[in-house]
Each structure stands twice: as structure tokens, then as C-alpha cells.
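A note on names: the letters A, B, ... follow the listed sequences, proteins ahead of strands, and every chain is numbered from 1.
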Number of protein chains: 2
Amino acid sequence: MATIKDVAKRAGVALSTASYALNNNPKISPATRKKVEEAAKELNYKKNGIASDLKRANTNTIALILSDLSGPFYSDLIQGVQDITTANGYDLIACNSIGGEQSTAVKFLKEKRVDGAIILAYNISDEIAVESARQGFPIVVLDRTLDNEFIYRVHVDNEQGAYTATEFLIKHGHNEIAYISGPSISYDNQRRFQGYLNALKDSKIDYQPKWQIPGDFTREGGYRATKLLIAQGNLPQAIFYANDEMAIGGMQALKENNIGIPNDISIIGYDDIELTEFVSPPLTTIRQPKYEAGALSVHLIFRILSGETVEHNYNLPTQLVERGSVKHKEVN
Amino acid sequence: MATIKDVAKRAGVALSTASYALNNNPKISPATRKKVEEAAKELNYKKNGIASDLKRANTNTIALILSDLSGPFYSDLIQGVQDITTANGYDLIACNSIGGEQSTAVKFLKEKRVDGAIILAYNISDEIAVESARQGFPIVVLDRTLDNEFIYRVHVDNEQGAYTATEFLIKHGHNEIAYISGPSISYDNQRRFQGYLNALKDSKIDYQPKWQIPGDFTREGGYRATKLLIAQGNLPQAIFYANDEMAIGGMQALKENNIGIPNDISIIGYDDIELTEFVSPPLTTIRQPKYEAGALSVHLIFRILSGETVEHNYNLPTQLVERGSVKHKEVN
DNA sequence: CTGTTAGCGCATTCAT
DNA sequence: ATGAATGCGCTAACAG
């Protein structure tokens with residue numbers, strides 16, 4: 001690899017002259033500049049970005065840390081982050097946190113490789129996030145609450161969303177409503193469960209533990225949980241799945257047992273992933289403003305980086321998307 | 001930010017001792033190591049990864065460059081890349097090439113920020129790829145053919161896949177087969193079109209230009225192209241969509257015109273994305289070994305990096321996935 | 001086992 | 001306009 005030194009030598013100028021020329025500093029005459037540029041091209045010179053970053057002390061890139069780069073769920077979010085980042089002339093890199101402590105993500109977080117980070121990765125511990133955040137290195141978390149001077153939180157209002165979903169079912173005449181939950185450690189799941197409870201309470205419906213079935217946010221988990229519910233004997237009138245993936249798995253289970261949706265049972269999901277439109281019947285669900293969440297997150301980072309003082313907490317509202325999986329229960 | 005110098009000072013040891021201790025070099029006594037680690041913690045020291053990379057000369061990370069991080073299509077591919085990369089103790093970062101010349105991706109490519117790269121991004125020009133590849137910096141391209149000493153090619157056999165798809169339609173009694181194409185500049189599309197032509201030719205069916213409708217690999221494009229085909233007057237007996245997204249858009253258009261699939265018309269897609277199972281009827285399509293392609297790509301990079309000489313070209317076979325969108329045409 | 005020292009490649013003074 | 005010199009933070013060879 002040719003270095004700038006080689007370029008300077010070849011062009012017959014000093015090292016600094018070459019540097020100036022390559023960085024378009026006006027104090028270099030067009031003639032020498034041209035000479036330098038030609039030398040660079042001849043030597044196939046590429047500046048070493050690492051060295052240059054070291055000098056500059058900021059990298060002009062922000063990191064988006066996800067537990068899994070390949071999840072379809074993140075599309076909109078990434079899009080939002082991407083749009084704002086590029087609009088600001090910054091670079092975006094996405095890294096996965098698979099491998100926990102040893103992962104690429106943690107490396108980027110802890111070492112000064114980026115100027116800011118957005119975290120949506122359950123397998124990154126709170127501890128690591130807190131340890132990494134510091135002056136000049138803001139972190140936005142999307143999936144937890146963390147009290148730290150340099151950590152900001154953008155939140156989709158899970159509690160309200162779950163409340164809306166449950167209320168919707170209640171208004172449709174259902175009062176036996178099962179909740180298929182996500183992993184109990186998941187903050188998102190906790191909020192959603194709380195929203196479910198609140199809605200029941202506000203309608204004076206008693207919460208019954210038997211209607212709470214553990215799931216894990218996967219399609220397979222939804223399938224199993226639903227089978228369990230069916231095996232349990234009497235079915236509820238409606239099921240609220242803590243996310244769409246589980247709802248889709250659940251639909252499969254119901255179908256296998258000849259339980260009609262929405263005639264025999266109403267179901268509702270959470271997330272509004274792309275598939276919901278395509279399953280049969282189309283799934284009524286709660287849409288999360290994923291794009292907006294992503295966009296807001298980076299936007300915040302830029303404001304903080306430029307020295308502004310901003311709020312630490314943001315809550316984004318959800319929206320119910322009515323499709324075909326919930327039916328008004330006939331009054332007998 | 002505290003530097004390693006501060007840590008050394010605080011621990012009362014030499015700079016190098018601190019460095020060794022922090023890097024778990026066995027030559028440091030447990031006692032001093034502990035001292036250093038404590039000092040580091042007290043100062044909230046984080047090593048500057050950039051500086052360390054500069055010294056090391058290799059970054060232990062490889063880049064996956066995609067035109068769009070948010071496409072659901074890439075899931076499997078990313079997974080394959082991810083698995084092998086982490087298994088080798090390397091880091092993976094994904095970056096998008098939006099913004100073309102100015103994009104993050106190009107920066108990573110041209111400046112020495114990663115040890116190798118995998119490209120699947122139509123908006124990265126061949127030129128940039130060729131300029132960037134060099135000794136010790138192998139590039140694997142998935143979406144083009146490039147003749148360069150340091151560029152390797154992993155290819156899904158598009159031509160064979162398209163041939164299989166077309167042949168399948170022919171064997172089901174169809175001889176008027178439309179081809180809804182991707183962008184004409186797309187290499188993938190060109191190969192697929194060629195496969196289509198070859199299959200026709202081998203069955204002695206004349207290619208008719210009117211059956212070739214331009215699309216752009218998007219759902220919307222497939223919808224429009226299909227509308228155009230319908231508006232054109234007489235329908236073909238089957239449609240081969242150059243990818244699934246377009247096929248799904250096309251299904252929408254056909255549905256709107258009350259054209260039954262597969263009773264009135266057979267259709268086949270390409271890619272085997274997740275949605276294909278859920279649309280109605282489920283879409284018959286060509287599965288690409290995306291995971292394998294991703295895995296092979298990184299695997300190659302590692303072999304090259306370790307000094308092995310490897311082949312420059314790899315071709316992966318496709319596979320037909322039969323679902324419900326193709327029907328045997330009744331003989332009249 | 002520990003400390004000294006020389007760069008990695010580049011950007012940036014400060015004189016000339 | 002140019003060249004020599006300095007240091008960013010870290011690692012690793014070498015000497016003790």
C-alpha cells in the first residue's frame with residue numbers, strides 16, 4: 001500500500017504539500033496540486049481512513065446495534081435511521097450483537113469507533129450500555145429504560161398500544177381475553193402486559209392467570225402457546241398476542257384445530273409486520289411507528305453531538321390497524 | 001477521555017506494562033494486572049479501537065455492502081455471512097451503499113477500514129470495486145462479473161434457475177410465457193432472461209417480444225407491468241416474474257381483474273422470499289441458496305486472507321419450490 | 001517480569 | 001507555497 005509519503009516523494013514535493021493538495025487546501029497552487037493528484041493516481045494511493053480518524057478524533061459515523069441484522073422486523077426502523085443519517089452527511093454502520101460480550105457491537109460501543117450509537121438489542125446488557133456512554137458519545141436506547149446522563153430513550157408507547165388492543169377486543173364484546181406473552185425479561189413485553197391489565201381493570205374485568213400463556217416472540221412460540229391454550233380446555237373469546245410473529249404461529253395452531261378466526265375466536269397482534277396483510281384472515285394489529293422511532297433516534301444524536309441539551313425521554317404513540325381477525329361477538 | 005497513559009500513571013507502571021496487562025499478555029504478574037485493571041476502571045478507561053487498529057494494520061472485521069440494509073430479501077444471506085464471520089472470530093459490519101460515491105460503503109471499501117468485503121449492491125460501480133481490491137484486501141462480488149486478480153465471484157446460477165422455471169411452465173403445457181423483467185442493467189436480470197430464452201429455444205418455442213414486459217424488481221413494478229400485460233389484450237398462459245416481489249405485485253393486479261391463479265393463468269416467481277408461502281395461492285418459485293452464498297463468500301475471504309490461492313468463480317445451483325401457482329394446462 | 005522506545009499514516013503547526 | 005517537526009493512542013520489539 002502506498003502511503004502519502006510515497007505520493008509526496010513521487011510528486012517531488014513535501015509530505016505536507018501532498019496532504020494539503022489531497023485535501024483541497026487552497027494554499028496549494030493548481031500546478032502542484034495536479035502533480036500530486038497524478039502521482040496519487042499512478043501509485044493507486046488510498047488514504048488510510050483509520051489513521052485519518054485517529055487524528056481527527058471523530059469518525060463521522062454512527063452505529064446501529066441490533067441483536068440480529070437479518071430480522072425482517074427492523075426494516076422500517078433501519079430505513080428511518082438511514083435516511084436521517086445520510087441526510088446529515090454521516091455514515092451509518094449496522095452491527096449485530098450476536099455473541100454478546102464478544103460481539104462486534106460491543107467493540108464499537110466500547111472503543112471509540114463511532115460518534116454515537118442506537119441500541120435495539122436485548123442481548124446487550126444495561127451494564128455495557130452504561131459503561132460505554134460518555135461525554136461526546138451519546139447512546140439512544142429503544143428497548144429499555146436506563147438512567148444515565150448520556151443515554152437517551154426513544155420509546156414506542158407499548159403500554160398504550162396494548163391498552164388500545166385490549167380495549168378494542170373488549171368493545172367488540174369479548175371479556176375473556178388471553179394474553180400470549182413475550183419473554184418475561186423483555187421490557188417491551190412487560191409494558192404490553194401492563195397495558196393489557198390496565199384495560200381489563202378499567203372495564204372491570206378480572207384478570208385471570210389462566211389466560212396468561214408464556215411465549216417468546218417467535219412464530220414457533222406462538223404456535224406452542226396456542227396449542228397449550230387449546231389443550232387447556234375452554235377457549236377464551238379472544239387472544240391478544242404480544243407480537244405478530246406469535247399471532248401468525250397461533251393462527252396456524254387454531255387452523256389445525258378447526259377453530260375459525262374470527263368466527264370462533266378473535267385475535268389481535270402487535271407490530272404490524274408486513275406479513276399481517278397476507279395471512280388469512282388479515283391480522284388486526286397495533287402498528288408501531290418504527291420508521292419514526294429510527295429517524296427520531298438519529299436526529300437526537302445529531303442534536304446532542306452539536307452541543308444541544310435535549311430531553312432524555314420520548315414516547316411515540318401507536319395506532320390500531322383494523323383488518324379481519326376481530327369480530328363483534330353476537331349477544332346471546 | 002482517559003488514555004492508556006493515564007492508566008499507567010495511575011497504576012504506577014510503565015505504559016507498555018499497562019498495555020500488556022489490558023491485553024492479557026501472560027508475561028504480566030497477576031498482581032500488577034489487577035492494579036492496572038483497577039486503575040482502568042477507576043478512570044473509566046476505554047481503549048481507542050482506532051489507534052489500536054492503526055498499529056495492528058488489520059482490523060479483524062469484514063464488511064458486507066448492500067444497496068439497502070432494510071430489504072427483507074437479504075436476511076438469509078446476512079445470516080450466512082454472520083455465522084461464518086463470528087465463527088472465525090472476526091467482526092462483521094454491514095453498510096449500505098446509498099449515496100453511491102459518497103456512501104459509507106465506498107469509504108469502507110477505499111480506505112483501509114476492513115480486511116475484506118462482500119458486495120451485493122447495484123449502485124456500487126464496477127470501477128470502485130476494481131479500484132479498491134488489492135493485495136491483502138479481497139473482495140467477493142455477488143452481483144456481477146469482474147475480471148481482477150483480487151476480486152472473487154460467488155454466483156447463484158441465475159441462468160439455470162430461470163431455465164428451470166421456464167421449463168417447468170412449458171412442461172405444464174404452457175407455451176405462451178411472459179417474462180416480467182427486472183431492471184435491464186441488472187446482471188441478475190440479464191442472466192435470468194437468458195435462461196428464459198434458452199428454455200424457450202430448447203423447446204422450440206419462438207420468443208415473442210410482446211411477452212417481455214419491463215419491471216424493476218419491486219412489488220409496485222410487478223403490479224404495473226401486469227396491468228400493462230392485461231391492457232395489452234390477450235393474456236399469455238403463464239407469467240415468469242424475474243423476482244417474487246414483482247410476482248406478488250402481479251398477483252394483486254390479476255386479482256383486481258378477476259383473473260384466477262392458477263386456473264386462468266399460471267405464474268412463477270424467483271427468490272423464494274418468506275411471503276411466497278403466505279400469499280394466496282402460495283407462489284411457486286425458484287429458491288436461491290442465499291445462506292450458502294453468504295457463507296461461502298466469507299469463507300473464501302478467510303481462505304484468501306490466510307494466504308491460500310483459491311478459484312475465482314463459484315456457481316451455486318438453484319432449486320424449484322413447487323407451491324400452488326402453476327397448474328397443468330388442460331389439453332383442449 | 002517491567003520499562004524504554006520506535007513507529008503505524010496522517011494532519012497540522014511553525015518556520016522558512 | 002513549502003518543508004521539517006510533532007503527536008494522535010496504541011502496540012511490540014528490545015533491553016534491562
*Ignoring hydrogens and angles, are the base of dT4(C) and the side chain of Ser16(B) linked by a donor-acceptor pair under 3.5 Å?*
yes
*Kindly indicate whether the side chain of Lys55(B) and the base of dG9(D) share any N or O donor-acceptor pair separated by less than 3.5 Å?*
no
Does [X] make a side-chain N or O approach to OP1 or OP2 of [N] shorter than 4.0 Å?
{"X": "Ser29(A)", "N": "dA1(D)", "answer": "no"}
{"X": "Asn23(B)", "N": "dT11(D)", "answer": "yes"}
{"X": "Tyr45(B)", "N": "dC10(D)", "answer": "yes"}

*Hey, does Thr3(A) reach any base, or is it just sugar-phosphate, or nothing, if we go heavy atoms under 4.0 Å?*
sugar-phosphate
Among [options], which is the nearest nucleotide to the side chain of [X]?
{"X": "Lys47(B)", "options": "dC10(D), dG9(C), dG3(C)", "value": "dC10(D)"}
{"X": "Ser19(B)", "options": "dT11(D), dG3(C), dT12(C)", "value": "dT11(D)"}
{"X": "Ala14(A)", "options": "dG3(D), dC10(C), dC10(D)", "value": "dG3(D)"}
{"X": "Lys27(A)", "options": "dA1(D), dC8(D), dC10(C)", "value": "dA1(D)"}

*asked:* How many whole angstroms separate atom CD of Glu111(B) from atom P of dC10(C)?
replied: 10 Å
*Starting at atom CG of Leu15(A), determine the distance to atom C1' of dT16(C), rounded to an integer number of angstrom.*
17 Å
_Position toward the 5' end of DNA chain C (nearest nucleotide), Thr17(B) or Leu54(B)_ = Thr17(B)
*Where does the angle between the aromatic ring planes of Tyr90(A) and Phe302(A) fall among parallel (under 30°), tilted (30 to 60°) and perpendicular (over 60°)?*
perpendicular
